[in-house]
Amino acid sequence: MTRPPKDDAWCTSLAGKTVERYKLDEYIGAGRIGYVYKAHLEEVPGVSRAVKCIFGDLKEGWEHELQKVMQLQVVESVVHFHHLGAAQISHGGRTRTCQFTVWDYIAPGQDLKRYLARVKKIPATFVFAVVETILRVLYQCERNGVSRHGDLHAGNILIGDDTNARLDDQLQLRDPIYVSDFGYGTSGAVMSPKDDYAGLAQIFNQMVSYVEYEKATPTDRQLLEAMKLTSGSYCVSRKAPSAEAR
Ligand SMILES: Nc1ncnc2c1ncn2[C@@H]1O[C@H](COP(=O)(O)OP(=O)(O)OP(=O)(O)O)[C@@H](O)[C@H]1O
Ligand SMILES: [Mg+2]
């Protein structure tokens with residue numbers, strides 16, 4: 001399968017175009033699979049959706065992602081799926097076919113990686129909130145017959161702005177946290193799913209260096225240390241045994 005490179009100027013300059021009934025308002029970002037735009041239904045201006053445009057063939061097993069997320073359609077903190085389709089887009093004298101999926105738009109379109117790079121410092125409680133959100137979603141996966149997320153990484157954790165801020169246990173406003181983009185892999189499928197707990201440990205490790213330790217309470221620090229040990233041992237225990245160990 002050939003996929004346009006991430007910096008493909010054509011794919012990133014489609015703002016103003018219409019994909020089926022969705023008007024693309026603003027380019028947000030690209031991942032391994034597609035180009036994400038903030039968009040709205042022409043009949044419903046003022047309500048944004050995220051439209052992911054994919055050019056080229058879909059990867060084998062692509063429907064598993066949608067099956068998984070639809071099984072979680074009323075689960076909190078999951079980015080929900082709304083629609084899929086295919087459309088021709090003409091731009092700059094060139095026409096290409098785009099397969100697209102439509103999702104909740106999580107303003108302002110920032111994933112955990114971008115969030116950390118922007119805020120630079122996070123309270124320990126934010127780390128706990130991210131880990132708790134992911135664990136709650138994984139628990140709901142299990143309850144709803146979804147074998148696993150299958151593609152947990154910081155790019156698939158979205159951090160919303162204060163429009164939908166939630167009150168935390170100390171009644172402080174907390175930027176909302178969402179889990180998106182379930183992996184294509186399922187047990188027994190062509191592509192094996194990525195281990196969710198290894199993904200969670202990686203996300204935890206990425207956040208730890210941003211924590212404001214000076215402001216953390218002794219209990220928060222103890223909890224962070226305990227989580228470091230757990231995530232570290234988890235990563236180590238998942239590595240293939242060394243030659244001597246075998
Ligand atoms: N539903 C959404 N609402 C708002 N912004 C989003 C949404 N989905 C994705 N984004 C933004 O678009 C960027 C690209 O998303 P995309 O899922 O294509 O890439 P990725 O998660 O980095 O990689 P992957 O292909 O592994 O999922 C994200 O990093 C995020 O900033
Ligand atoms: Mg993603």
Side-chain angles (χ1 to χ4, degrees), residues 1-8 10-15 19 22-41 46-66 68-70 72-73 75-84 98-119 130 133-134 137 148-165 175-186 191-196 198-200 202-203 206-207:
M1 184 193 94
T2 49
R3 188 173 78 75
K6 233 185 201 179
D7 58 353
D8 184 330
W10 193 92
C11 298
T12 59
S13 57
L14 300 175
V19 175
Y22 290 89
K23 180 92 180 247
L24 306 183
D25 294 317
E26 191 187 314
Y27 171 69
I28 307 177
R32 285 167 302 171
I33 296 173
Y35 297 82
V36 180
Y37 279 83
K38 178 181 177 186
H40 68 271
L41 255 183
V47 178
S48 295
R49 292 281 192 228
V51 171
K52 188 178 267 195
C53 297
I54 299 162
F55 300 96
D57 299 333
L58 295 174
K59 274 209 284 189
E60 195 164 344
W62 64 272
E63 71 283 6
H64 293 145
E65 175 186 4
L66 303 185
K68 288 188 201 177
V69 78
M70 286 175 84
L72 303 172
Q73 61 182 327
V75 171
E76 208 189 342
S77 310
V78 168
V79 176
H80 296 293
F81 164 75
H82 297 281
H83 180 59
L84 85 166
C98 150
Q99 321 228 35
F100 68 94
T101 46
V102 181
W103 304 86
D104 290 342
Y105 170 66
I106 309 300
Q110 104 196 306
D111 61 31
L112 179 59
K113 256 186 303 182
R114 291 190 195 191
Y115 180 82
L116 293 173
R118 184 173 67 76
V119 300
V130 170
T133 302
I134 296 173
V137 169
R148 59 188 91 181
H149 180 287
D151 193 20
L152 269 184
H153 62 80
N156 282 340
I157 304 300
L158 301 185
I159 311 298
D161 61 18
D162 58 9
T163 328
N164 291 304
D175 291 337
I177 300 153
Y178 300 86
V179 176
S180 74
D181 289 355
F182 287 65
Y184 285 10
T186 58
M191 202 176 156
S192 55
K194 201 170 127 185
D195 186 298
D196 285 340
L200 176 58
Q202 213 174 13
I203 291 171
Q206 277 171 276
M207 288 190 292

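In each ligand, atom 1 is the first atom listed, and ligand 1 is the first ligand listed. Computation of the quantities below employed the complete heavy-atom set of this structure, encompassing side-chain atoms and omitting hydrogens, waters and symmetry-equivalent molecules.
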N, O or S atom of Asp181 closer to the Mg ion (ligand 2) than 2.8 Å: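 Looking at Asp181, which is the residue asked about, there is an N, O or S atom under 2.8 Å from the Mg ion (ligand 2).
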The Mg ion (ligand 2) to nearest N/O/S of Ser180 below 2.8 Å: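 So Ser180 does not bind the Mg ion (ligand 2) by this criterion.
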With a 4.5 Å limit on heavy-atom distance, are the side chains of [X] and [Y] in contact?
| X | Y | value |
| --- | --- | --- |
| Arg148 | Asp196 | yes |
| Asp104 | His82 | yes |
| Leu72 | Phe182 | yes |
| Asp161 | Asp175 | no |

For the residue pair Asp111 and Asn156, confirm or rule out a side-chain donor-acceptor distance under 3.5 Å.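 Per modelled atom types, Asp111 and Asn156 side chains form no pair under 3.5 Å.
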Any donor-acceptor N or O pair under 3.5 Å, side chains Tyr35, Asp8: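 No, no side-chain donor-acceptor contact under 3.5 Å.
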Using a strict cut-off of 4.0 Å, indicate which atoms of ligand 1 neighbour a heavy atom of [X].
| X | answer |
| --- | --- |
| Gly34 | 18 (O) |
| Ile28 | 5 (N), 11 (C), 12 (O) |
| Ala50 | 1 (N), 2 (C), 3 (N) |
| Asp151 | 26 (O) |
| Leu158 | 1 (N), 2 (C), 3 (N), 6 (C), 7 (C), 8 (N), 30 (C) |
| Ile33 | 25 (O) |
| Val79 | 1 (N) |
| Arg114 | 31 (O) |

Could you tell me whether [X] and ligand 1 have an N or O pair separated by under 3.5 Å?
| X | answer |
| --- | --- |
| Ile106 | yes |
| Lys113 | no |
| Val36 | no |
| Gly109 | yes |
| Asn156 | yes |
| Tyr105 | no |
| Gly155 | yes |

Among Tyr105, Phe100, Tyr27, find the one that has a side-chain contact (heavy atoms from CB on, under 4.5 Å) with Tyr37.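 Of Tyr105, Phe100, Tyr27, side-chain contact (heavy atoms from CB on, under 4.5 Å) with Tyr37 is met by Tyr27 alone.
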side-chain contact (heavy atoms from CB on, under 4.5 Å) with Leu152: which of Val137, Asp195, Val179, Asp181?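 The option that passes is Val179.
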Does Arg49 come within less than 4.0 Å of Asp25, counting only side-chain N to carboxylate O?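 Not counted as a salt bridge, because no side-chain N and carboxylate O are separated by less than 4.0 Å.
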How long is the gap from NE2 on His80 to CD1 on Ile106, to the nearest 0.5 Å?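 The NE2 atom of His80 sits 8.5 Å away from the CD1 atom of Ile106.
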Check: Ser180 main-chain N/O paired with His149 side-chain donor or acceptor under 3.5 Å: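 Present.
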Considering residues, nucleotides and ligands other than Glu63, do more than 12 of their heavy atoms fall under 6.0 Å from its CD?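 Buried by this count: over 12 neighbours within 6.0 Å.
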Can Ser180 be said to touch ligand 1, with heavy atoms closer than 4.0 Å?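 Outside the 4.0 Å threshold, so no.
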For ligand 1, is His153 a contact, meaning one of its heavy atoms is under 4.0 Å away?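 A heavy atom of His153 does come that close to ligand 1.
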With a 4.0 Å heavy-atom cut-off (strictly under), which part of Asp181 contacts ligand 1: side chain, backbone, both or neither?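 Side chain only; the backbone of Asp181 stays clear of ligand 1.
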